[in-house]
Student: 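Take a look at this one; I'll ask things after.
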There are 2 protein chains.
Amino acid sequence: MATGRTHRPATRSRGIPEATVARLPLYLRALTALSERSVPTVSSEELAAAAGVNSAKLRKDFSYLGSYGTRGVGYDVEYLVYQISRELGLTQDWPVVIVGIGNLGAALANYGGFASRGFRVAALIDADPAMAGKPVAGIPVQHADELEKIIEDNGVSIGVIATPAGAAQPVCDRLVAAGVTSILNFAPTVLTVPDGVDVRKVDLSIELQILAFHEQRKAGEERAAEGTGPTAATRGKESAKQGPDGDVPAVMPA
Amino acid sequence: MATGRTHRPATRSRGIPEATVARLPLYLRALTALSERSVPTVSSEELAAAAGVNSAKLRKDFSYLGSYGTRGVGYDVEYLVYQISRELGLTQDWPVVIVGIGNLGAALANYGGFASRGFRVAALIDADPAMAGKPVAGIPVQHADELEKIIEDNGVSIGVIATPAGAAQPVCDRLVAAGVTSILNFAPTVLTVPDGVDVRKVDLSIELQILAFHEQRKAGEERAAEGTGPTAATRGKESAKQGPDGDVPAVMPA
DNA sequence: CCATCTTTGTGCACGCGTTCACAAAGACAT
DNA sequence: ATGTCTTTGTGAACGCGTGCACAAAGATGG
């Protein structure tokens, strides 16, 4: 019953591993920087350092795209920029709608990284009638009633959800029904979508919680092996004068 | 030469796999929702569905924390909330500073998900003198000159960078020098940090590019096997009338 | 107290991703 | 033309993460 895939199909696209696809934008950014500095060629070692990855991994990643390097020399920067852009589909124009123009939605609308890579903000949509017509990032906000029409008229296939958690699933359903097949979700909710629709999630709170986990572990280890370095973790522990159990009103059965 | 780890140490904390740690916040969110609805117990199957994961995976994840379930019954919701919170270090107070109060920084400051889980915005910091004193989300913005003092006074060990790309590395260096050991980076740059400092990256542009890749693949497959469903991808292709090569001025050697 | 039924916890196998290490390929100098 | 030197591309090994499938554990009813 409604066993819609909640996560990416990960069907191993053509032969390019998902992990590699996730790194291509990283390489592309590093290459673009080199291109702007008019650097003609770059070795796997240099580029890997710039992208923050292992050079062997980078070479293997590129090998999935084809043999675009020259042995003894390296990779032609401009050519590689083009090849990766094409592989990622950035040589075409992707109209995008952003739904939910609160603080985050506005930030996204103003984010320069979108337009720079083939993405075009086709419309900003919000459920609040008071927002309608108000320009954000130079684009007038449209009411949610227009959602279906906007998507059809602009041929939008990528939607960004920046609504409160409660509104996310209904908005998602409407987007999908109107023809959107890729969704970037900023709302802290698990979205359920039919097969064939990709969902990627960006969750600020989760990232912080992961950091807290490692931070706690570091603090614990430091306390165990005293005097590693009186930096900040210890002070942090001081000011947050609160035992590991704190004041959480948890029911502890057994 | 400055071979600082750019990525997470991933030293396999105590025995809890990194992949499991990344899912714990997901489980915690689902459990919190159940708790608010006063649901006393939940089975791995139900909870897995709510969190959008496989039930076997969930059980294995929990097995790393200990045997907190009761066979034939399931898991006690309140107890599990407490255990996961403790494991993630959320039972203590984590003061956080946000550097760079532009659109994104303001959105983060207003984000409710922070305060709800032990995170407390200790300060907002911006390099623009005009911003100083101006309240954002009820907190007055402080000038970047105060950065070191703020971090020391509040025992901050987690910093959020929401500056433009160019400012990110210098800000990062100052944060680390002042004692911050965990950084959440929203700037589109690879940060270089010394060992022992964790960096997590959230990159809006990269997420969109990954979506574009899959979107392009879907469009290609659909074109190959005609008439799968006249939803939107085809329309998207129509309006974006532009060949796969587009107008990119790339130099094509060889 | 015993039988049955539900649900956990986990051993095992498989596949993906990462890394090493090296042969092949080409540039460059002589 | 030949040798040397640099750097790519990749075969192979390894380790982690995932999912299956089932035995053990406990609740529940008679």
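Labels below follow one simple rule: chain letters A, B, ... track the order of the sequence lines, proteins then strands, and each chain is numbered from 1.
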Student: With side chains defined as the heavy atoms from C-beta onward, is the minimum distance between B:Ile183 and B:Val176 less than 4.5 Å?
Tutor: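 Yes. Closest side-chain heavy atoms under 4.5 Å.
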
Student: Hey, is the side chain of B:Lys57 poking within less than 4.0 Å of OP1 or OP2 on D:dG19, counting only N and O atoms?
Tutor: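 Answer yes for this pair, as a side-chain N or O of B:Lys57 is under 4.0 Å from OP1 or OP2.
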
Student: Under the criterion ring pair (Phe, Tyr, Trp, His ring centres under 6.0 Å), which of A:Tyr75, A:Tyr79, A:Tyr68 is the partner of A:Phe62?
Tutor: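 With A:Phe62 as partner, ring pair (Phe, Tyr, Trp, His ring centres under 6.0 Å) holds for just one option, A:Tyr75.
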
Student: Could you state the CG-P distance from A:Leu47 to D:dT6, rounded to the nearest angstrom?
Tutor: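 Rounding to the nearest Å, CG of A:Leu47 and P of D:dT6 are 20 Å apart.
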
Student: A:Asn54 has an atom CG; how far is it from atom P of D:dT8, in whole Å?
Tutor: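 Answer to the nearest Å: 13 Å.
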
Student: Starting at atom CG of A:Asp76, determine the distance to atom P of D:dT7, rounded to an integer number of angstrom.
Tutor: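 Checked: the CG to P distance equals 16 Å.
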
Student: Which one, D:dA21, D:dG17, C:dC20, comes nearest to the side chain of B:Pro17?
Tutor: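 Selected nucleotide: D:dG17.
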
Student: Would you please say whether a donor-acceptor pair under 3.5 Å links the side chains of A:Thr20 and A:Asp61?
Tutor: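 On atom types as modelled, these side chains qualify, holding a pair under 3.5 Å.
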
Student: Check the distance between C:dG17's C1' and A:Glu18's CD and give it to me in whole angstrom.
Tutor: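 Atom-to-atom, A:Glu18 to C:dG17, this comes out as 12 Å.
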
Student: Looking only at side-chain atoms of A:Ala19, point me to the closest of D:dG9, D:dA27, C:dT18.
Tutor: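 The listed nucleotide nearest to A:Ala19's side chain is C:dT18.
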
Student: Mind calculating the distance between CG (A:Asp61) and P (C:dT19) to the nearest angstrom?
Tutor: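 Going from A:Asp61 (CG) to C:dT19 (P), I get 11 Å.
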
Student: So which nucleotide from C:dT10, D:dT18, D:dA25 ends up closest to the side chain of B:Arg71?
Tutor: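 Selected nucleotide: D:dA25.
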
Student: What is the distance, to the nearest angstrom, from the CG atom on A:Leu58 to the C1' atom on C:dT19?
Tutor: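 Whole-Å distance recorded here is 14 Å.
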
Student: Taking the side chain of A:Ser63 as heavy atoms from C-beta outward, which of C:dT8, C:dA27, D:dT10 is closest to it?
Tutor: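 Shortest atom-to-atom distance from the side chain points to D:dT10.
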
Student: Give one of base, sugar-phosphate or nothing for B:Tyr75, where a contact means two heavy atoms less than 4.0 Å apart.
Tutor: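 Sugar-phosphate contact only.
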
Student: Check the phosphate of D:dT8 against A:Ser44, side-chain N and O only, distance under 4.0 Å to OP1 or OP2. Yes or no?
Tutor: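 A:Ser44 to D:dT8 OP1/OP2: side-chain N or O found under 4.0 Å.
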
Student: Provide, to the nearest angstrom, the distance between the CD atom belonging to A:Glu46 and the P atom belonging to D:dT7.
Tutor: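 To the nearest whole Å, that distance equals 8 Å.
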
Student: Which heavy atom of A:Ile206 sits nearest to which heavy atom of B:Pro25, and what is that distance?
Tutor: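 Shortest heavy-atom contact: CG1-CB, 3.6 Å.
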
Student: Base of D:dG17, side chain of B:Lys60 - is there a donor-acceptor contact under 3.5 Å?
Tutor: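 No.
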
Student: State, with a plain yes or no, whether a side-chain heavy atom of B:Leu88 is found less than 4.5 Å away from one of B:Arg117.
Tutor: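 No; the side chains remain at least 4.5 Å from each other.
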
Student: If each of A:Arg59 and B:Gly66 is mapped to the nucleotide of DNA chain C with the nearest heavy atom, which maps nearer the 5' terminus, i.e. the 5' end?
Tutor: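 Its nucleotide being nearer the 5' end, the pick is B:Gly66.
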
Student: Rounded to the Å, how far apart are A:Tyr64 OH and D:dG11 P?
Tutor: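 Rounded to whole Å, this separation is 10 Å.
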
